[in-house]
Chemist: 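One structure, as structure tokens, below. Some questions next.
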Amino acid sequence: MQREKRLRFSTTQIILFSFLGVILIGSILLVLPISSATGKSVPYLDALFTATTSTCVTGLVTLPTVSTWSMFGQVVILVLIQIGGLGFIAIVSGLMLLVTRRMGIGHKLLIQDAFNLNTMQGLSKFIRNVLLGTLLIEAIGAALCMTVFVPRFGDRGIWISIFHSVSAFCNAGIDIFAENSLCDFATNPIINAVTSALIILGGIGYIVWWDVLRVVRSCAIKKGHFWCHLTLHSKIAITTSALLIFGGGLLILICEFNNPATIGDMSFFDKIQVSLFQSVTTRTAGFASVPQENLRDTTSVISMVMMLVGGSPVGTAGGLKTVTVAVLVCSALATVRNKNEATLFGRRVSSDSIRRAVAVVITFGCIALVSTVLLAAATGANLLDVVYESVSAIATVGLSRNFTGSLNAWGKLIVIVTMYLGRVGPISLAVAIGSQNESQNVISEPVEDISIG
């Protein structure tokens, strides 16, 4: 038992340091003159910031990606995004499978921790499917983007389409065609639809992918009902994502309907598609089709709530995750209704899941609060801009109210640390730096009631 515990803690540390190692290597490559469009090295802090935002698939940038980095630099950024989206452990394990055709227990434990899975069964097949599925979807996305980008940018549109597809699927939000993100394509239905689809597919989580495919195959044979055959995890992830996308889109449409600085002067159809895209991109994607600083304060608050929730577990998105929030809301409603157990879709939610959800939210909130306070002290900027930046960094979103570029050195360092903590996960970090030799108490402490609320 002690050996298993020691191994489990070491795998978490490996995951944390693998991300850190990729970031440092990326920063060294980006600070080289060959990575710069001008042939002169960029300041190391900006290279470190770019490597971090790429590996943590955040999207906040202190320097414009399209004009700052050479082709070599853009390739480095794209590789970092792909590694960050899939996870360094998953990519290395996939390469090992190609070479050795087998996976040891140590690597299985690494993958289990990296993807926060509950079982080690079928991990080799899981990794193979994740890598192949990712490449297939990104290739389809790139091909569809080429129908817009190639006519506009010529041959360079091929590279732009590939970069954009990978960045969107990995929920990175970094682009190489303009300094104003997707604002020039705000009303383009193809770019809106393709980008949104890539963001949703990457953020919904790989577990949901395979569960949906499993049910589709079984229903084709058994002719059963699709929804009732899905697992509880998939039902929660799909339902919560749909509510957030369409509910958030409706709220944004209402709040921004008459705002001339965003969608006020657009046609009704364009208002709908831009509002829906804003709702989708806040789910940790980070592409902006309207300037975020022009949003009304109410819309900014709605966007921050969407950012904090984020995507679903075992995917490329960040945030608290849809399942975590759904479990907490369900538990709170059960308590208010004086029920002993929380249930979702006719299934009881385990107390262990509720405890983990509470721990994630509290840790996440503490990091966001500390980051906001430090960033406000370091920059002295408008509070809404600071909070928006901190939430965007901790949830690995990448949206900014035109604030990232004006950060001073301390502000950049604070955002770098916040992005890293947001990507590797507050709980993983807490486990990694905790005492490995601390033994569990086998004797329960006395119970005593306390007043709550």
Side-chain angles (χ1 to χ4, degrees), residues 17-88 91-92 95 138 142 145 149-150 152-168 170 172-182 184 286-288 378-379 389 393 396 398 400 402-420 423:
F17 287 116
S18 68
F19 268 95
L20 184 60
V22 170
I23 290 171
L24 292 177
I25 293 172
S27 67
I28 293 172
L29 291 174
L30 289 175
V31 83
L32 296 175
I34 192 176
S35 296
S36 172
T38 62
K40 298 180 181 179
S41 298
V42 301
Y44 179 74
L45 187 57
D46 289 310
L48 179 62
F49 193 103
T50 303
T52 305
T53 195
S54 302
T55 307
C56 297
V57 289
T58 304
L60 295 172
V61 291
T62 55
L63 299 172
T65 308
V66 62
S67 58
T68 300
W69 307 106
S70 65
M71 184 65 179
F72 178 82
Q74 291 176 10
V75 170
V76 171
I77 291 172
L78 186 63
V79 171
L80 293 177
I81 290 173
Q82 191 74 87
I83 292 174
L86 288 175
F88 179 74
I91 292 177
V92 171
L95 293 175
E138 289 176 347
C145 288
F149 291 144
V150 171
R152 177 157 182 168
F153 297 102
D155 292 342
R156 185 170 174 268
I158 298 174
W159 168 240
I160 291 174
S161 299
I162 295 172
F163 193 103
H164 182 71
S165 182
V166 174
S167 183
C170 292
I174 300 175
D175 58 77
I176 56 170
F177 44 76
E179 294 186 7
N180 60 349
S181 192
L182 284 176
D184 294 340
F287 293 105
T379 62
E389 193 83 6
T396 66
S400 175
N402 198 26
F403 180 57
T404 313
S406 63
L407 290 173
N408 55 28
W410 283 110
K412 292 176 184 178
L413 288 172
I414 292 167
V415 174
I416 286 172
V417 174
T418 305
M419 290 189 293
Y420 176 73
R423 183 55 183 162

Chemist: Measure across Val57 and Gly84 and return the closest heavy-atom pair with its distance rounded to 0.1 Å.
Modeler: CG1-C, 4.0 Å
Chemist: Got a sec, which residues hit side-chain contact (heavy atoms from CB on, under 4.5 Å) with Ile158, two or more places apart in sequence or on another chain?
Modeler: Met146, Val150, Ile162
Chemist: Taking the side chain as every heavy atom from C-beta outward, state whether Phe49 and Leu63 have any atom pair closer than 4.5 Å.
Modeler: no
Chemist: Which residue pairs satisfy the side-chain hydrogen bond (donor to acceptor under 3.5 Å, both in side chains) criterion with at least one member in residues 48-63, sequence neighbours excluded?
Modeler: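 For residues 48-63, and leaving out neighbouring residues, the side-chain hydrogen bond (donor to acceptor under 3.5 Å, both in side chains) pairs sorted by first residue read Asp46-Thr62.
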Chemist: Can you sort out the partners of Asn180 under side chain to side chain donor-acceptor pair (under 3.5 Å), two or more places apart, ordered by chain and number?
Modeler: Asp184
Chemist: Distance check, rounded to the nearest 0.5 Å: Trp410 atom CH2 versus Thr379 atom OG1?
Modeler: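 Those atoms lie 14.0 Å apart.
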Chemist: Please check: side-chain N/O of Asn408 versus main-chain N/O of Ala378, any donor-acceptor pairing under 3.5 Å?
Modeler: yes
Chemist: Could you tell me whether the side chain of Phe17 reaches within less than 4.5 Å of the side chain of Leu20, counting heavy atoms only?
Modeler: yes
Chemist: Residues in side-chain contact (heavy atoms from CB on, under 4.5 Å) with Ala51, at least two apart?
Modeler: Ile23, Ser27, Leu30, Leu80
Chemist: Counting N and O atoms only, with roles assigned by atom type, does the side chain of Thr68 sit under 3.5 Å from a partner on the main chain of Pro64, one being a donor and the other an acceptor?
Modeler: yes
Chemist: Output all residues satisfying side-chain contact (heavy atoms from CB on, under 4.5 Å) with Thr65, sequence neighbours left out; order by chain, then residue number.
Modeler: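 Applying side-chain contact (heavy atoms from CB on, under 4.5 Å) to Thr65 gives Val61, Trp69, Ile77, Ile174, Ile176.
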Chemist: Hey, could you give me the SG/CG distance between Cys170 and Leu78, rounded to the nearest 0.5 Å?
Modeler: 8.5 Å
Chemist: Not counting sequence neighbours, which residues clear ring-ring contact (aromatic ring centres under 6.0 Å, His included) with Phe177? List them please.
Modeler: Phe149, His164, Phe185
Chemist: Hey, could you give me the CD/OG distance between Glu138 and Ser161, rounded to the nearest 0.5 Å?
Modeler: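 Interatomic distance, Glu138 CD to Ser161 OG, rounded to 0.5 Å: 13.0 Å.
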Chemist: Under the side chain to side chain donor-acceptor pair (under 3.5 Å) test, which residues partner Asn402, sequence neighbours left out?
Modeler: none
Chemist: Minimum heavy-atom separation for Ser167 and Gly173, please, with both atom names.
Modeler: OG-N, 3.3 Å
Chemist: Quick check: does any side chain N or O of Arg423 sit under 3.5 Å from a backbone N or O of Phe19, one acting as donor and the other as acceptor?
Modeler: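 No; judged by distance alone, with no hydrogens or angles, the pair does not exist.
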Chemist: Going by side chain to side chain donor-acceptor pair (under 3.5 Å), name the residues that satisfy it together with Ser67, two or more places apart in sequence or in a different chain.
Modeler: Glu179
Chemist: So which pairs with a foot in residues 30-43 pass side-chain hydrogen bond (donor to acceptor under 3.5 Å, both in side chains), sequence neighbours left out?
Modeler: Ser36-Thr38
Chemist: Take Leu413 and Leu45 through the side chain to side chain contact (heavy atoms under 4.5 Å, CB included) test and state the conclusion after the steps.
Modeler: CA-CA 8 Å; Leu413 288 172; Leu45 187 57; 3.6 Å; yes
Chemist: Identify, with sequence neighbours excluded, every residue that meets side chain to side chain donor-acceptor pair (under 3.5 Å) alongside Glu389.
Modeler: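 Once residues adjacent in sequence are excluded, the partners of Glu389 under the side chain to side chain donor-acceptor pair (under 3.5 Å) criterion are Ser400, Thr404.
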Chemist: Could I get the full list of side-chain contact (heavy atoms from CB on, under 4.5 Å) partners for Ile34, not counting sequence neighbours?
Modeler: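 Expected list: Leu32, Phe72.
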